[in-house]
There are 2 protein chains.
Amino acid sequence: MSPNDDQSHSATTIFDVARLAGVSHQTVSRVLNDLPNVRASTRERVEQAIRQLHYVPSQAARALVTRRSRTIGLVATGLPDFGPSSIVLSFNRSARAAGYAVITSNPADIEGATLRSASEVLIRQSVEAIVLLAAERGVLDAFDGWELGVPLIAVASEPRGRGVRVSLDQYGGARRAVGHLQELGHRDILHIAGPAGSMDAEERLRGWHDALSDGGMPVTEPLRGDWSSGSGHRIGRQLLAERVPEAVFVGNDQMALGFLHATQEAGLRVPDDISVVGFDDVPESAHFSPPLTTVRQDFTAVGQELMSAVLSQLRDEDSPVMSAMRIPELVVRASTRRR
Amino acid sequence: MSPNDDQSHSATTIFDVARLAGVSHQTVSRVLNDLPNVRASTRERVEQAIRQLHYVPSQAARALVTRRSRTIGLVATGLPDFGPSSIVLSFNRSARAAGYAVITSNPADIEGATLRSASEVLIRQSVEAIVLLAAERGVLDAFDGWELGVPLIAVASEPRGRGVRVSLDQYGGARRAVGHLQELGHRDILHIAGPAGSMDAEERLRGWHDALSDGGMPVTEPLRGDWSSGSGHRIGRQLLAERVPEAVFVGNDQMALGFLHATQEAGLRVPDDISVVGFDDVPESAHFSPPLTTVRQDFTAVGQELMSAVLSQLRDEDSPVMSAMRIPELVVRASTRRR
DNA sequence: CAAAGTCGACCGCCCTAATTC
DNA sequence: AGAATTAGGGCGGTCGACTTT
């Protein structure tokens, strides 16, 4: 508002405000924290002084005395892929909306030691909770027997390890994908899975497997990719050199893209010669060649649920340990057709 | 190490450590901060005590007295797209390597007020610097005449506004892309640009424009997308309904994907009927149909340079205001061919 | 006179208790 | 007597000055 009245404002304290407003520092504290017993006129004078001095309360001082940093730590792997990035984005926004700042750590790998040291840095920043976004099976084991001192909330699709878990129903999503293929009359349905050890990969694999065996269809060994389009391409090449399945359920959209690439190189047409279903529904999948039938994951919801899990955990320690998982929807486009 | 010796460790203080080690709290502080004048044997005893108590120094208390939070704030827009996500990832890692934690804020829009309030939240967390990742022209204006109190470092490809700027040479990259097309003998080269107002979009547009006029070629009005593959698709549809240009330089890979989709719908073949060049080199572009010729941006380098700009700014206030911008490389794949 | 340690003030804020109106 | 306000003691560190080998 008014110009020329800032004095290197990192040095302005609650006492300066008090002096200017003609009250005690404690009264200023009261208005700062919306506590009662402050006359409206006094409050107004104080607020006026705050504005005039560009006063910003010191979070450090406040954290020191309240023992609440209003900060939560996020350990995230898998970036810059679309899914993880989307979850991080949504989580950051939800946290901010709840009045929390989030400190992010992106460890270089998912070794127990690396994860632990990333968390230690966060603990040192006195975060009030730690959120773990690392889809690998066993990452939670790294936290076993380690008294963090703060709640741990993880994105995990398997019911295992300590901490609170949040996820979407990968198994259910996979069943929908394969079910779609089955409804179209396909029986010979292969699966290009994500890396062994990824909880999501394993759950999708399980969904595919169960859908086939429940339908009395032959279950073959799944092929293993690493989520990258390159791996989808490579696997597709090898596979198609041997035989052409009726349909393929690919573990994510990137690998599906690589697989589509391989089909073209092999002179095959999708969906005429072979049906393909992906997983994730990244924004680009609508423009793949052909537009990809896939399973939509609501990453935004995951971020929001993470934050609400954090909040309920902060509120009382024994809130539910795993929230209900929504089943992702199938998005039918042009990469699948009736046999 | 040893079991059963943790006492709700958020309450452990430097005094507890001192007592256990049989020294004064000051001596503990010395070993904590690697200061001299501590006998090796004493140091060892203190470290032993620290381990035994699971002692973690309170960042809040330290920040309060040193006035250094060891935290830096990041205001990032554009997520979850690949480029911005990659920069954020790289920046986080570089910051961590330098001993800084980073608090991220992802504003919902790029209005001045929104940006400003996001920064205020960061200031309140007493960050030591603010990094702004918002490609829009004019976002820096929102900070004009506002005494932040901490250095401001921005990713910006245009030399404008306050603060330190870091970027890759968008203009140079665009010239390389268009130069490639020209070398292949194309003269009728259209441009599908990113949204008006995006600094990167404007710089790439300028590069395209200058390449054409320097080559004595006709410059038409650029088409405007919004970076999404959907917009590339829509624009492609409209364009191709009217006429088929020899070549198109598309502002990013996503829009290029959408455009490729449109060419297929129009029954055109790339690169036989029309050459296409993208920008970014997202990992998927190698598997587009056809594999995309594009310009590779080294996002990791941007993240690293951001952090080193922060450090030099923290070290002394008048370090260079804009670092040298590298020119992104051209990656030739299968979407372009000689006329 | 070094090196190794100890003491005590202070960073900016919140909380409880005491005081004033 | 009760509402409004003030005084003072930490929170957990760092740093300078001072004391002990």
Side-chain angles (χ1 to χ4, degrees), chain A residues 7-47 49-50 53-71 99 123-128 149, chain B residues 7-47 49-50 53-71 99 123-128 149:
Chain A
Q7 28 251 43
S8 171
H9 80 267
S10 47
T12 317
T13 86
I14 203 172
F15 289 91
D16 301 322
V17 175
R19 193 177 322 117
L20 180 58
V23 297
S24 78
H25 68 109
Q26 175 55 352
T27 301
V28 177
S29 175
R30 292 186 117 76
V31 347
L32 244 32
N33 297 290
D34 271 319
L35 295 179
N37 295 349
V38 177
R39 209 173 321 168
S41 62
T42 308
R43 176 180 305 268
E44 178 46 45
R45 248 183 322 149
V46 170
E47 283 169 348
I50 289 178
L53 295 173
H54 288 334
Y55 169 70
V56 177
S58 154
Q59 176 60 38
R62 180 176 281 174
L64 182 56
V65 58
T66 61
R67 282 124 174 295
R68 302 203 47 199
S69 63
R70 287 262 155 213
T71 287
I123 293 286
R124 199 167 323 240
Q125 294 282 340
S126 29
V127 297
E128 293 181 30
Chain B
Q7 28 251 40
S8 170
H9 80 269
S10 48
T12 317
T13 87
I14 202 172
F15 289 92
D16 301 323
V17 175
R19 192 178 323 119
L20 181 57
V23 297
S24 79
H25 75 278
Q26 174 56 343
T27 301
V28 177
S29 176
R30 291 183 120 77
V31 347
L32 244 34
N33 296 290
D34 272 319
L35 295 179
N37 293 350
V38 177
R39 207 173 323 175
S41 62
T42 308
R43 178 180 302 269
E44 178 48 44
R45 248 186 321 152
V46 170
E47 283 169 346
I50 288 178
L53 294 173
H54 287 334
Y55 169 69
V56 177
S58 155
Q59 175 61 36
R62 180 176 281 172
L64 182 57
V65 59
T66 62
R67 282 124 175 295
R68 304 202 46 198
S69 63
R70 288 259 155 215
T71 287
I123 293 285
R124 199 169 321 240
Q125 295 282 340
S126 28
V127 298
E128 293 181 31

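Because only heavy atoms are used, hydrogens play no part in the values below, and waters and symmetry mates are left out as well, while side chains stay in. Within every chain, numbering begins at 1; the chains are lettered A, B, ... in the order of the sequence lines, protein sequences first and strands thereafter. These figures come from a predicted structure and were not determined experimentally.
When the side-chain nitrogen and oxygen atoms of A:Arg67 are compared with OP1 and OP2 of D:dG12, one or more of them lie within a distance under 4.0 Å. Side-chain nitrogen and oxygen atoms of B:Thr66 include none within less than 4.0 Å of the OP1 or OP2 phosphate oxygen of D:dT14. In this structure, B:Thr27 reaches the C:dT6 phosphate: one of its side-chain N or O atoms is under 4.0 Å from OP1 or OP2. In terms of phosphate contacts, B:Arg39 brings no side-chain nitrogen or oxygen within less than 4.0 Å of OP1 or OP2 of C:dA3. Look at B:Ser24 and you'll find a side-chain N or O under 4.0 angstrom from OP1 or OP2 of C:dT6.
At a cut-off of 3.5 angstrom, the base of C:dC14 holds no donor-acceptor pair with the side chain of A:Gln26. Interface remark: the B:His25 side chain does form a donor-acceptor pair with the C:dG8 base, using a distance-only criterion of under 3.5 Å.
Residue contacts for A:Leu64: at a heavy-atom cut-off of 4.0 Å it reaches a base atom on one of the strands shown. Among the heavy atoms of the strands lying under 4.0 Å from A:Pro57 are primed sugar atoms or P, OP1, OP2 only; no base atom is included. Nucleic acid contact for B:Val38: sugar-phosphate only, since backbone atoms but no base atoms lie under 4.0 Å from a heavy atom of the residue.
Remark: B:Asn37 pairs with B:Arg30 by the side-chain contact (heavy atoms from CB on, under 4.5 Å) rule, at least two apart or across chains.
At distances below 3.5 Å, not a single donor-acceptor pair connects side-chain atoms of A:Thr42 with backbone N or O atoms of A:Val38.
Taking CD from B:Gln59 and OG1 from A:Thr71, the interatomic distance works out to 10.5 Å, rounded to the nearest 0.5 Å.
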